[in-house]
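See structure below.
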Amino acid sequence: MATSNADSNKLLSRPETERTPEEETLVMRLSIFVKMRWVAILGVILVTVVARYGFDIVFPTPPVYIVCVFMALYNLFLTRQLSGLNKLPAEQIIPRARRLGYFHIIFDMLALTVLLHFTGGMENPFVYLFVFHIVMASMGLNDRAVYLLCTVALVMVASLYGMEAVGIIPHVNLEGFVLPTRYQETGRIAAQLVVLAVLLYGTAYMSTAIVREMRTRQREVALRGQLLAEKIDELESAFGEIGKLREERDKFLYFIGVAAHDLKAPLTAIQGFLWVMMGGFTGEISEKQKNILERSAYRITELLRLISDLLDIPRIESGRIVEEMKELSLHQVIFHSIDGHRNLAETKGIELKAEISKELPRIMGSITRLQQVVNNLVNNAIKYTPKGTITVRAQEHDTDVLVEVMDTGIGIPPEDMPRLFDDFFRASNAQSKGTGLGLSISRRIIEAHGGRIWAESPCSGTTSGSKFSFTLPKMSKTTKT
Amino acid sequence: MAGKILVVDDDPDILDAVAMILESQGYKVVTARDGAEGLATLKAEQPDLMILDLLMPKMDGFAVCKELQDPKWSEYKNIPILVLTSVREDASRRRYELETGVELDVDDYLEKPMSPDVLLERVSTSIQKRRP
């Protein structure tokens, strides 16, 4: 993600001339300004009426109303300009809106200055309303423009006060409110201008700082939103990919299932006939014929075993094994397997031992499938152990049950270890035939139970044999109740 | 007399093989190629045992077992059923339970391919068990 960090830096530090998120909302702000202006016009009229008749402050009112009419006129003009904005091409909207913003504020400041002139000049305390203009400007314009507007306001007010003081333009005294000589007191004028300057520049400094902070945050949010949208896109396409792969896998599993099943039916029929002949149900057969029939039947048994292994894979992979799961005791599974293999072990002269703790917790699982795993491991152990002992051990651990099958057999060559649980893999030192699917099916079964299976060779602490281990999660972990 | 056995299977070769094995021991064998035909033959022939395959076209073995639960088949209730199929027993039982909500009520279950000796042994056990 190094590139997007670089992007974000670029985005956060880009020059003021580029579009910012606040400028995007500029148009919306301008329309708010227009509405506020109507309120301001009403306010001016109201204040005039109240001052004239409520407080008996005497000043000529017609110029005030004329200024109000003028304000109303340019406000209508700005409203029209604003609605025309949306018809412009996207890249022109912002520069135009910014220019409009300047006009709004300059017009407003001019209108306020003219109003002040007709309502007492420096006698009128409403001069401090210029603060509003500065706050408005800092919301939509860049910092330099805001300070410039501060200066413009000060120049306007200073010129007004100055020109009135020296008599270039007439002065209106607010009779009954301020002494008629005050407008020529330079000290007063200077003090008022200093206060106004401090107020305007101070406001500009604070509000632009706040707006700058907001701007940074807004950009971060916008950037995060953009990154998030990208990630969501990536996720969506990944999900789509997964869905497609799963669909294809399901189709393939279905194909294996149908193919294996269709192979099974004719083989079963052939096997039936072979056994019928071998059993002499169709008349006497010679020893030689019987021998050939037996060998054919053996090959068919091998094929049927391979097919049944192939059928197991889709059954386990498609998750149907979950339907078979219920609460069970591993005790029963392990002893059933040991009992089933005792004869085979005895004929080879191998000792078959069980070291199983009495208090094995119950687990959730498929009895037949786990039986298949233990049978496979015990059977393999017997197959690859010429003499010695096979030990089946089961212990409870913190979160799971550990089952181990250890032998003193020929072991597994180190180079074979990584591929031991792969489909159709047979160890390079294996003499007897098998489908090469036994361990890979065992792995699938154990993984479907949420467990793990692995092998070690030689057995830890010895120099020979191999040890196969698997874990199964305890009940509390897998059941929802 | 050894008894009359109805064998229901869609595979004619399996039917032949099973028939040969059974007839060698003196059983009389009648056959049917699907579940519907099997039920009709059951009515007509009143066999001593029914050997039933599970996966068949038209009406499968599961449907036959379900149909036999109906009270109108009560007079055939004492005819033992031996399932002979290539479907594994636990898978079949689970499927039947899921579909009907009751246990698969059959007397014996044998997975194909079946060795003649085992088949004969299971057949004779089943027949004797229900023989009044």
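Reckoned from all heavy atoms, side chains included, excluding hydrogens, waters and symmetry mates. Convention: sequence-line order gives letters A, B, ...; per-chain numbering from 1.
- Counting non-hydrogen atoms of other residues, nucleotides and ligands closer than 6.0 Å to CZ of A:Arg299 gives a total of 12 or fewer.
- For residues 8-16 of chain B, the interface with chain A (any heavy-atom pair closer than 4.5 Å) comprises B:Asp11, B:Asp13, B:Ile14, B:Asp16, sorted by residue number.
- Here the closest heavy-atom approach between residue A:Gly272 and residue B:Ala17 is recorded as C-CB, 4.2 Å.
- Proximity to chain B among residues 277-290 of chain A is limited to A:Phe281, A:Thr282, judged by heavy-atom separations below 4.5 angstrom.
- Residues of residues 87-104 of chain B lying under 4.5 angstrom from chain A, judged on non-hydrogen atoms, are B:Arg88, B:Asp90, B:Arg94, B:Leu98 in numerical order.
- Heavy-atom distances place no part of B:Glu23 under 4.5 Å from chain A, backbone and side chain included.
- Atom CD of residue B:Glu111 and atom OG1 of residue A:Thr268 lie 11.0 Å apart, to the nearest 0.5 angstrom.
- For chain B, no part of A:Leu267 is nearby; none of its heavy atoms comes within less than 4.5 Å.
- Of all non-hydrogen atoms in B:Met114 and A:Trp275, the two that sit nearest each other are O-CE3, 3.1 Å.
- Scanning residues 64-75 of chain B against chain A with a 4.5 Å non-hydrogen threshold yields no residues.
- Annotation: the span from B:Lys112 atom NZ to A:Lys264 atom NZ amounts to 9.5 Å, rounded to 0.5 Å.
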